[in-house]
Number of protein chains: 2
Amino acid sequence: MKKIDIFKKLRSSGLRPTKQRVEIAKFLFEREKTFHFTVESLNKLLTKKSASKIALATIYNTVHAFKTAGHLSEVEVRGNKTYFDTNVSNHHHFYDSDTSELIDIDANDIIIQKIPKAPNGKKIKNVEVFINLKN
Amino acid sequence: MKKIDIFKKLRSSGLRPTKQRVEIAKFLFEREKTFHFTVESLNKLLTKKSASKIALATIYNTVHAFKTAGHLSEVEVRGNKTYFDTNVSNHHHFYDSDTSELIDIDANDIIIQKIPKAPNGKKIKNVEVFINLKN
DNA sequence: TTTTCACTTTAGAATAATTATAAACTAGAA
DNA sequence: TTCTAGTTTATAATTATTCTAAAGTGAAAA
Ligand SMILES: [Mn+2]
Ligand SMILES: [Mn+2]
Ligand SMILES: [Zn+2]
Ligand SMILES: [Zn+2]
């Protein structure tokens, strides 16, 4: 994803391409593979990488803005911190609790044969499979 | 589950059957169906139900002791609070985000046909399926 | 029974993640 | 350039949870 695309991505979401947002967006979206992170880990990586430091509140604001805009998804992981994911398509995860690392599983790599029907007037929004790993 | 069984359950886990633990254990385990709760919700329900009030720290201590003893499991739900589950067998969940309600799905009611192999020297510990509901 | 003491409870302080506040700053329309 | 709504930021506040250390208690042993 090029710089111009980052600008488009932000503008099309109604987000002004500020210095901070562009820097965070470049860091998050200009990469080949999915990136899973917490606000804390993102903050550390950004501090290490860049010259100018971005306030923690701005990182929270920006991550939430990106999530609301559909550029990030939230992954549920046991523990206190919230995990985010640059992969916003329907997919699943391996989770290695030793390293606290998430690994993507393509939606097509898991086939569910039998599934119960949703209760009382409810519908199924989506199905998430979480595979816990051990050594 | 009878009172005597509650005592056995506690003793066999190396937990002294104190007044507080017995009261919490009776509330949690003397019921037909699975009970999903947060420490906050449990605290409210116990306060409503019982005469003597139990300190919040004791509820935290007790819930963790029960979890460590294998009498409770933890369910991962999007959000800030930790959810616990009196169903400690391998099973899955529906989640209704409108009501923040969890509903059990028996392990046999979901059959997974295709699953990717675990990465590099890791093994699969368990597979959790989470079905999000909508109206 | 009484004594004893490790285990437990408790109120309150501490911590950690996240969100709110409100003042200073800035992108970009006019 | 000016102007202003949107944004950033330092800091305070909030929320869930854990820690601390003093007081209380179950139950083994005397
Ligand atoms: Mn979580
Ligand atoms: Mn959670
Ligand atoms: Zn992912
Ligand atoms: Zn359950």
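Chain A is the first sequence line, chain B the second, and so forth, proteins listed ahead of strands; every chain is numbered from 1. Here the structure is a predicted model, which is why all the values come from computation and not from measurement.
In this structure, the CD1 atom of B:Ile59 is 15 Å from the C1' atom of D:dT18, given to the nearest Å. Across the protein-nucleic acid pair, A:Glu40 atom CD and C:dT15 atom P stand 16 Å apart, rounded to whole Å. Between B:Leu10 atom CG and D:dG26 atom P the separation is 13 Å, expressed in whole Å. Put simply, NZ on B:Lys81 is 16 Å from P on C:dT18, counting in whole angstrom units. In this structure, CG of A:Asn80 is placed 11 Å from C1' of C:dT15, rounded to the nearest angstrom. In this structure, the CG atom of B:Asn43 is 12 Å from the P atom of D:dA16, given to the nearest Å. Between the CD atom of A:Glu76 and the P atom of C:dA17 there is a distance of 15 Å, given to the nearest Å. The nearest whole Å value for the distance from the CD atom in A:Glu23 to the C1' atom in D:dT8 is 13 Å.
Once rounded to the nearest 0.5 Å, the distance linking CD1 of B:Ile111 with CD of A:Gln113 reads 5.5 Å. Expressed to the nearest 0.5 Å, how far CD of B:Glu30 lies from CD1 of B:Ile6 amounts to 5.0 Å. With rounding to the nearest 0.5 Å, the separation of CG in A:Leu42 from CG in A:Leu56 is 9.5 Å.
Side-chain nitrogen and oxygen atoms of B:His64 include none within less than 4.0 Å of the OP1 or OP2 phosphate oxygen of D:dT17. For D:dT17, the OP1/OP2 oxygens have a side-chain nitrogen or oxygen of B:Tyr60 closer than 4.0 Å.
Annotation: proximity of residues 12-22 of chain A to DNA chain C (heavy atom, distance under 4.0 Å) is found for A:Arg16, A:Pro17, numbered in ascending order.
With hydrogens and angles left out, the side-chain atoms of B:His36 and B:Asn87 include no donor and acceptor closer than 3.5 Å. At a cut-off of 3.5 Å, with distance as the only test, no side-chain donor of A:His91 or A:Asp106 sits close to an acceptor on the other residue. A donor-acceptor contact under 3.5 angstrom links the side chains of B:Glu23 and B:Ser50, judged on distance only.
Each of A:Asn61 and A:Thr38 was assigned the nucleotide of DNA chain C with the nearest heavy atom; the assignment lying further toward the 5' end belongs to A:Thr38. Along DNA chain D, the nucleotide nearest A:Leu56 and the nucleotide nearest B:Arg11 are compared for position; the residue whose nucleotide lies closer to the 5' end is A:Leu56.
Candidate nucleotides C:dA20, D:dA16, C:dA11 were compared by shortest atom distance to the side chain of B:Ala55, and C:dA11 ranks first. Relative to the side chain of A:Ile54, the nucleotides D:dT9, C:dA17, C:dT9 differ in distance, and D:dT9 lies closest. Nearest nucleotide to the side chain of B:Thr58, out of C:dT18, C:dT9, C:dA11: C:dT9.
In this structure, A:Phe130 has its ring center at least 6.0 angstrom away from the ring center of B:Phe130.
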